[in-house]
Amino acid sequence: MGLFSRVTSYPPLGQVTCPQRIQKALGSKEDDTVQFTVVIESSHSFPEQSWEAQIWHNVTSAEWTALSLQKCSNTAVPLMNKPESEHKFYRHVFSGEIALPSHGGCAQFTVRYRVSPDTDWQWVNQQQNAKDGELVFAAREPEQEKINLAQLSLASAKEEFGKYFDHLSPNLEVEFRKSEAPGSSLWHLSGSADPAQDGQSGFTNMVLGIPSRTVRYFALVRVWTPWLGPRHGRDKFRITEDVILCSFLREDGEHVVLLAVSGTNDVLTVLRSGENGEVVIKSQNDNASASGFQVLASTAADFEVAISALIYEARKLVRPFGAETTDRIPTPVSPPGDDVVLVEKDPEAQWLSEWYDGLTYCTWNGLGQDLTEGKILHALDILKTHGISISNLIIDDNWQALDNEGDSQFKRRWMQFEANPDTFPQGLKKAVEAIRRNHPNISHIAVWHALLGYWGGISPDGEIAKNFKTKEVKIKDLAAGGPIAKALESQSLLAIDPDDVDRFYDDFYRYLSSTGVDSVKTDAQFFLDLLECPEDRRIFTRAYQDAWSISSLRYFGTRAISCMSMFPQAIFHSQLPNNKPTIPLRNSDDFFPEVPASHTWHVFCNAHNALLTRYLNVLPDWDMFQTSHPYASFHAAARCVSGGPIYITDEPGNHNVALINEITAPSTQGYTVILRPGVAGRTIDMYHDYNDGQVLRVSTYTGRARTGSGILGLFNVSGRRSSSLTSLREFPGIHDDYNVEYIIRAYTTGRITNLIRPSDRDTLVGVDLEDKGWEILTAYPTQAFTLRRKDSNDARERKPTNAAVLGLIGKMTGAAAIVSSDIYIEANGRLRFDISLKALGTLGVYVSDLPDWSIEDNFMVTILGQPVPQKNVWKEGDEKTTKVLSVDVLAAWEEMKLRPGWSNEVIVQMFLGS
């Protein structure tokens with residue numbers, strides 16, 4: 001007919017919907033149904049038609065059948081990121097539900113539609129080249145029927161585990177472990193790894209078995225030595241790289257998750273795939289005697305539960321033991337408990353924040369490798385003239401004094417602690433003093449260095465080699481690896497001997513501290529895994545990790561960034577144990593501004609790597625980005641929902657100040673802070689392949705349980721226009737049994753949904769994203785109050801007023817600006833808001849019946865107890881329909897000439913009443 005139409009469904013076509021996702025989409029547990037929603041958009045260029053839609057499925061039987069969907073209100077699924085006035089299509093919403101069988105299973109479905117009963121059915125999978133959707137649902141089993149695995153013998157444990165793998169290896173030892181994650185089962189798999197001989201590590205491959213009844217799988221692999229990345233597949237297990245973590249989604253709705261454990265007994269363990277889809281355990285033993293390898297396995301109906309079980313058990317395996325006893329050394333709590341008081345030298349009034357809560361500038365992409373003191377000062381001056389106030393500075397590669405000038409950086413070697421005299425002629429201390437003198441807004445200054453000194457190691461002709469014991473080591477030949485690895489293979493390096501590495505790091509960091517440098521970015525840590533000789537690997541790996549950790553904590557506290565360290569020995573030895581404070585960990589390969597295809601993959605990769613790193617004792621760091629770049633806002637939004645630090649690396653003068661203001665805010669002390677959610681962001685769709693072209697959904701959370709806000713970042717990684725429907729239940733921190741009304745707000749448009757409950761059937765919202773498109777949705781719980789109006793002739797109580805504090809609107813993760821908030825009715829009947837903010841900006845407050853109230857007659861707003869000028873308070877948008885009250889806290893703060901006093905929090909109070 002030539003009538004343009006586009007169809008979006010929930011659950012989505014071309015994706016797999018996992019058991020827990022379906023369970024969240026259900027009503028009650030007694031009524032296990034899956035609800036389908038279809039949105040059809042047709043062009044305004046044609047008359048509006050009486051559309052029909054059906055779900056064609058095999059959920060209830062092997063035979064495919066049709067489910068006719070009922071027409072709903074066109075506003076049932078609001079399009080959050082497009083104003084109503086910009087809608088160019090008629091929107092038609094249809095809904096229906098199917099009762100799921102009591103047994104677990106996997107089913108397929110697609111959508112068909114027609115313009116009217118007189119026309120032929122059109123199939124979405126043909127019209128839009130969309131694959132069938134997949135539903136995978138778990139069986140409903142009474143608790144008493146579950147097997148008590150804790151009582152199984154070793155033989156029985158292996159038999160039970162064999163239900164998940166065909167042809168389980170007879171040489172594999174399988175032991176059941178008690179899981180600390182309710183709802184999961186846990187096994188410890190082990191075997192013997194051959195010893196190192198003749199200067200070569202011992203390598204052993206053992207077939208675990210073939211994963212049975214697999215629908216899809218997801219794995220985190222070593223894309224090359226220092227970095228992890230995601231891989232996906234269907235049915236038969238096929239992976240060409242070494243795997244650290246993999247998860248198999250089965251036809252019965254169970255997730256089977258495997259974690260290869262390294263860092264104990266000098267054995268590195270990874271997983272591979274065999275020719276017939278087997279999981280193969282691959283171990284590298286650096287000991288002269290046979291040692292054991294370890295793999296942990298868990299099963300659960302929820303992926304998060306299964307991986308939690310693995311992490312809890314892995315911590316037990318790697319926790320250190322006392323020298324004279326088998327008792328575990330007590331592990332300090334991080335963060336400390338309420339009864340622990342931290343005392344800081346030269347304390348300042350501050351909210352509980354870390355250095356990485358400030359905006360950071362890194363010199364790497366912005367200034368390049370040919371770094372000089374003059375270039376740094378010039379770049380900082382340019383930032384200042386643009387009104388960009390940074391809190392931290394990272395002086396990246398090329399400040400060090402190196403030999404072999406003019407050669408490849410991988411051939412150059414470090415000579416002395418003092419900076420390069422040619423580029424820092426007055427020395428590092430004078431350069432730091434100049435930076436701090438000219439730019440007092442910079443609180444912390446970091447320098448970059450490699451774990452072994454520099455890419456080429458230590459120069460034999462420099463002061464360092466004369467003052468410390470050194471050892472020559474060889475880098476192994478690599479069959480595959482990144483450009484750095486290829487440049488280094490078969491090369492010998494001079495490195496500080498492990499016997500002297502403690503003294504080396506203590507002296508080096510004492511020197512840096514004496515110059516005014518108070519933080520470090522320690523790169524190229526994967527060199528420890530490039531060492532060829534097993535004896536070197538054995539003595540270097542732990543010695544260097546421990547020396548660096550101890551010295552960085554001693555001199556810099558948590559102000560250290562661990563980079564290129566996503567290799568197994570570091571993950572399990574340094575990053576998993578929670579016996580020290582948390583530091584940032586680079587979570588993926590670099591940001592490459594000049595490679596167009598890298599940008600969507602960079603965000604996709606980080607969101608998947610965080611499925612593991614969020615459980616480590618680190619803060620996942622999604623790397624720097626440039627604010628004046630085609631993908632600038634895409635990266636900025638991703639950094640905001642990552643929950644990690646934010647670094648910019650702009651070329652001098654190429655700055656998007658407006659974008660920077662969307663991701664930062666000024667504190668009352670004059671510092672520029674980022675609004676960082678408290679939970680590390682990660683994908684909620686772990687089985688969706690990058691090449692499927694679906695919208696990437698990144699989940700994070702800010703605030704306390706129940707009263708905080710779930711945040712979803714949505715990113716179009718497909719390279720073409722893409723749409724997505726999301727349920728309120730998919731936001732983190734929300735459960736079906738919460739009897740609370742929520743609102744969902746879109747960042748880019750400020751559009752807010754009607755009040756919805758998790759138990760409601762209609763809780764879907766839509767987004768429509770162009771190429772490079774993104775959106776951030778935030779779910780806010782509201783509180784309901786019944787207020788009286790003095791001017792009302794009706795003495796009966798009014799309809800409840802729902803209220804919520806939105807945080808700083810105009811900021812991508814503005815809810816994270818809320819330190820605390822409390823809403824309650826005072827004795828005089830007024831509704832009172834007590835709000836504490838960590839930064840200045842425009843505060844947004846949701847009031848469900850705001851059009852009924854007058855700012856002049858019904859509202860009173862104070863900051864630090866002083867009245868706010870009325871011009872700084874207004875209703876956002878159309879006064880007849882708006883539900884958001886805005887308070888320009890920044891303008892009021894400056895106009896009222898307020899001072900923070902003992903605290904740098906902003907205390908805002910608001911009163912509503914007649």
Side-chain angles (χ1 to χ4, degrees), residues 11-26 32 34 57-59 100-101 103-109 131-141 161-166 179 181 183-187 208-221 230-239 243-260 271 273 277-279 295-310 604 607-612 682-692 694 696-697 699 730:
L13 294 174
Q15 297 187 17
V16 62
T17 300
C18 305
Q20 193 69 9
R21 186 84 70 251
I22 291 178
Q23 189 66 32
K24 288 183 179 180
L26 304 178
D32 281 351
V34 58
H57 68 94
N58 62 355
V59 176
L100 295 173
H103 57 79
C106 176
Q108 288 75 43
F109 70 92
K131 297 178 181 177
D132 290 346
E134 293 178 276
L135 296 175
V136 184
F137 46 93
R140 303 193 293 276
E141 299 178 3
F161 183 70
K163 295 179 180 179
Y164 300 97
F165 287 87
D166 297 332
S179 173
S184 65
S185 300
L186 178 67
W187 288 269
L208 190 160
I210 301 175
S212 59
R213 304 178 64 189
T214 297
V215 177
R216 293 196 184 190
Y217 60 84
F218 151 73
L220 289 180
V221 307
R231 295 291 185 266
H232 295 85
R234 298 169 179 262
D235 306 323
K236 187 176 181 180
F237 184 49
R238 297 176 184 271
I239 295 287
V243 177
I244 304 295
L245 172 81
C246 63
S247 179
F248 302 93
L249 176 62
R250 289 165 47 92
E251 294 173 353
D252 59 4
E254 288 282 300
H255 301 261
V256 180
V257 189
L258 302 176
L259 179 66
L271 306 172
S273 64
E278 309 97 326
V279 175
V295 175
L296 294 175
S298 65
T299 61
D302 184 339
F303 171 82
E304 295 286 358
V305 171
I307 193 173
S308 296
L310 298 178
F604 185 89
H608 284 75
N609 285 349
L611 290 168
L612 172 62
R682 82 282 189 190
T683 178
I684 63 172
D685 302 304
M686 66 290 300
Y687 294 109
H688 295 167
D689 194 334
Y690 176 77
N691 294 317
D692 287 344
Q694 305 292 348
L696 171 70
R697 302 187 294 177
S699 160
E730 294 180 293

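For clarity, every value in this text was computed on a predicted model and none was experimentally measured.
A salt bridge links E304 to R682: at least one charged side-chain nitrogen sits closer than 4.0 Å to a carboxylate oxygen. Salt bridge present: R216 and D692 bring a charged side-chain N and a carboxylate O closer than 4.0 Å.
Within the 4.5 Å cutoff, no side-chain heavy atoms of L259 are placed close to those of V295. At a threshold of 4.5 Å between non-hydrogen side-chain atoms, the residues P101 and F137 count as touching. Residues F165 and V279 have side chains in contact (heavy-atom distance under 4.5 Å, counting atoms from C-beta outward). Taking the side chain as every heavy atom from C-beta outward, V256 and S247 never approach each other to under 4.5 Å. Two residues are said to be in side-chain contact when any heavy atoms from C-beta on lie closer than 4.5 Å; L13 and F109 meet this criterion. Taking the side chain as every heavy atom from C-beta outward, V136 and T17 never approach each other to under 4.5 Å. In this structure the side chain of E254 never reaches within 4.5 angstrom of the side chain of R213, judged on heavy atoms. Taking 4.5 Å as the limit, every side-chain heavy atom of Y164 sits out of range of all side-chain heavy atoms of P211.
Residue L258 comes nearest to L271 through the heavy atom pair CB-CD1, 3.8 Å, listed as atom of the first residue, atom of the second, then distance. Between T683 and L611, the shortest heavy-atom distance links the atoms O-CD2, 3.6 Å. Contact between L245 and V243 at its shortest, heavy atoms only, is O-CG1, 3.3 Å. Across every non-hydrogen atom of F161 and L208, the tightest pair is CE2-CD2, 4.1 Å.
In this structure T299 satisfies the side-chain hydrogen bond (donor to acceptor under 3.5 Å, both in side chains) test with no other residue, sequence neighbours excluded. Applying the side-chain hydrogen bond (donor to acceptor under 3.5 Å, both in side chains) test to D166 and every residue at least two apart in sequence or in another chain returns nothing. With sequence neighbours excluded, the residues that form a side-chain hydrogen bond (donor to acceptor under 3.5 Å, both in side chains) with S308 are Y615. In terms of the ring-ring contact (aromatic ring centres under 6.0 Å, His included) criterion, residue partners of F237 (sequence neighbours excluded) are, by chain and number, Y217, F248. Evaluation of the side-chain hydrogen bond (donor to acceptor under 3.5 Å, both in side chains) rule for Q694 yields Q15 as partners, not counting sequence neighbours. Every salt bridge (Lys or Arg N to Asp or Glu O under 4.0 Å) that R234 has, sequence neighbours left out, goes to E134.
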Begin from the C-alpha positions of N609 and L220 and carry the test side-chain contact (heavy atoms from CB on, under 4.5 Å) through to its verdict.
-> CA-CA 7 Å; N609 285 349; L220 289 180; 3.4 Å; yes
Going through the distances and angles, do V221 and I244 end up as a side-chain contact (heavy atoms from CB on, under 4.5 Å)?
-> CA-CA 6 Å; V221 307; I244 304 295; over 6 Å; no
Kindly determine whether L135 and V59 satisfy side-chain contact (heavy atoms from CB on, under 4.5 Å), including the steps that lead there.
-> CA-CA 8 Å; L135 296 175; V59 176; 3.8 Å; yes
Please assess Y687 against H608 for the test ring pair (Phe, Tyr, Trp, His ring centres under 6.0 Å), listing each intermediate value before the final yes or no.
-> CA-CA 10 Å; Y687 294 109; H608 284 75; 9.8 Å; no
Take I684 and F303, measure what side-chain contact (heavy atoms from CB on, under 4.5 Å) needs, and give me the verdict at the end.
-> CA-CA 10 Å; I684 63 172; F303 171 82; over 6 Å; no
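With hydrogens and angles disregarded, a donor-acceptor distance shorter than 3.5 Å links the side chain of N58 to the backbone of Q108.
Between the side chains of S184 and S298, no donor-acceptor pair of N or O atoms lies under 3.5 Å. In this structure, a donor-acceptor pair under 3.5 Å is present between the side chains of R250 and S212.
More than 12 heavy atoms of other shown residues, nucleotides or ligands fall within 6.0 angstrom of atom NZ in K236.
When each of H232, H255, H688 is tested with F218 by the rule ring pair (Phe, Tyr, Trp, His ring centres under 6.0 Å), just one qualifies, namely H232.
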